[in-house]
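Take a look at the structure below.
Note that the coordinates shown come from a computational prediction; the quantities given were computed from them, not determined experimentally.
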Amino acid sequence: MSLKGYEKVTIAVSRYRKYEIDFHEFRGWVIPYACSLQDDLGYERKDFYNNLDNWFEYIEFCYLEVDRRNLTLSIANFLELLIEQEPRPIVLPKGDRVVKEQML
C-alpha cells in the first residue's frame with residue numbers, strides 16, 4: 001500500500017531517473033513534501049525538512065559534480081521507499097554515503 005498524496009514526489013523520482021529533470025528541479029519538487037512526510041510517518045528528530053534539505057546541500061556543495069547523480073539517486077530511492085512502504089518512524093538510511101560522512 002502506498003502513502004497517498006505524494007504522487008508528485010513519485011513523478012519527480014521517475015523523471016529524475018529518466019534524466020528528464022536535473023538535480024535542482026528534482027530538489028524543488030520534493031523538498032516541499034518533507035514536512036508532510038514527517039507528519040504522516042513520524043520522524044524522531046522532528047526536523048525531516050532540514051535534514052532532507054541539508055542532504056541535498058551536502059551533495060551539491062561537498063561532493064564532486066560527477067558523483068551528484070548517484071548520490072541524488074540515493075535520495076530518490078529513499079523517498080520512494082517512504083511512500084511505498086510507509087516505514088514508521090522515518091529513519092535516514094545509515095548506509096548512505098552522504099548521511100554517514102556528514103553525520104545527518
Side-chain angles (χ1 to χ4, degrees):
M1 183 165 174
S2 278
L3 197 58
K4 302 296 180 213
Y6 295 97
E7 293 79 14
K8 287 186 179 181
V9 175
T10 56
I11 290 168
V13 166
S14 175
R15 291 188 67 203
Y16 187 75
R17 284 189 180 133
K18 294 176 186 175
Y19 295 87
E20 294 175 1
I21 58 175
D22 66 11
F23 171 85
H24 297 284
E25 192 172 356
F26 177 63
R27 180 181 183 179
W29 277 50
V30 300
I31 286 292
Y33 291 91
C35 288
S36 55
L37 276 168
Q38 171 182 302
D39 294 341
D40 287 345
L41 297 176
Y43 186 61
E44 292 175 350
R45 293 166 61 188
K46 302 293 182 219
D47 204 0
F48 185 64
Y49 174 89
N50 282 335
N51 282 305
L52 186 61
D53 193 43
N54 287 338
W55 195 355
F56 275 106
E57 283 196 23
Y58 285 129
I59 290 170
E60 184 175 6
F61 297 113
C62 298
Y63 294 90
L64 298 174
E65 193 166 340
V66 296
D67 296 330
R68 185 179 292 169
R69 178 153 181 83
N70 285 335
L71 295 172
T72 306
L73 282 171
S74 181
I75 295 175
N77 295 337
F78 174 68
L79 291 171
E80 188 173 65
L81 175 107
L82 292 181
I83 293 165
E84 289 178 1
Q85 297 182 9
E86 303 180 43
R88 287 180 173 84
I90 297 172
V91 177
L92 296 180
K94 293 179 183 5
D96 178 79
R97 177 179 166 194
V98 177
V99 171
K100 246 186 334 191
E101 291 177 0
Q102 304 302 330
M103 294 181 256
L104 287 173

Exercise. So E20 and E25, side chain to side chain contact (heavy atoms under 4.5 Å, CB included) or not? Walk me through it.
Worked result: CA-CA 10 Å; E20 294 175 1; E25 192 172 356; over 6 Å; no

Problem set entry | Verdict with supporting geometry, L79 and Y33, side chain to side chain contact (heavy atoms under 4.5 Å, CB included) | CA-CA 10 Å; L79 291 171; Y33 291 91; over 6 Å; no

For this session: Mind running side chain to side chain contact (heavy atoms under 4.5 Å, CB included) on S74 and R97 for me, showing each step along the way?
Result: CA-CA 9 Å; S74 181; R97 177 179 166 194; over 6 Å; no

For this session: Starting from the C-alpha separation in whole Å, work towards a yes-or-no answer on side chain to side chain contact (heavy atoms under 4.5 Å, CB included) for W29 and I11.
Result: CA-CA 9 Å; W29 277 50; I11 290 168; 3.6 Å; yes

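We find the OH-CG distance between Y16 and L73 to be 5.5 Å, quoted to the nearest 0.5 Å. Going from atom SG of C35 over to atom CG of D47 covers 8.0 Å, rounded to the nearest 0.5 Å. Between T10 atom OG1 and L82 atom CG the span is 12.5 Å, to the nearest 0.5 Å. Taken to the nearest 0.5 Å, the OH atom of Y49 stands 12.0 Å off from the OG atom of S36. To the nearest 0.5 Å, atoms NZ (K94) and NZ (K100) are separated by 12.0 Å. Atom CG of L52 and atom CD1 of I75 lie 6.0 Å apart (nearest 0.5 Å).
Closest approach of A12 and V30 over heavy atoms only: CB-CG1, 4.2 Å.
When side chains are defined from C-beta on, Y63 counts as touching V98, because their heavy atoms get closer than 4.5 Å. Side chains of N77 and R17 form a contact here, defined as non-hydrogen atoms less than 4.5 Å apart.
Residues passing the side-chain contact (heavy atoms from CB on, under 4.5 Å) test with E57 are R27, D53, F61, sequence neighbours excluded.
Exactly one residue among D67, I59, D22 makes a side chain to side chain contact (heavy atoms under 4.5 Å, CB included) with T72. That residue is I59.
For E101 and Y58, the side-chain atoms include no donor-acceptor pair closer than 3.5 Å.
Ring orientation note: the planes of F56 and F23 are nearly perpendicular, at an angle over 60° on the 30°/60° scale.
Taking hydrophobic clusters as Ile, Leu, Val, Met, Phe, Trp and Tyr residues chained together by side-chain heavy-atom distances below 4.5 Å, L71 shares a cluster with I31.
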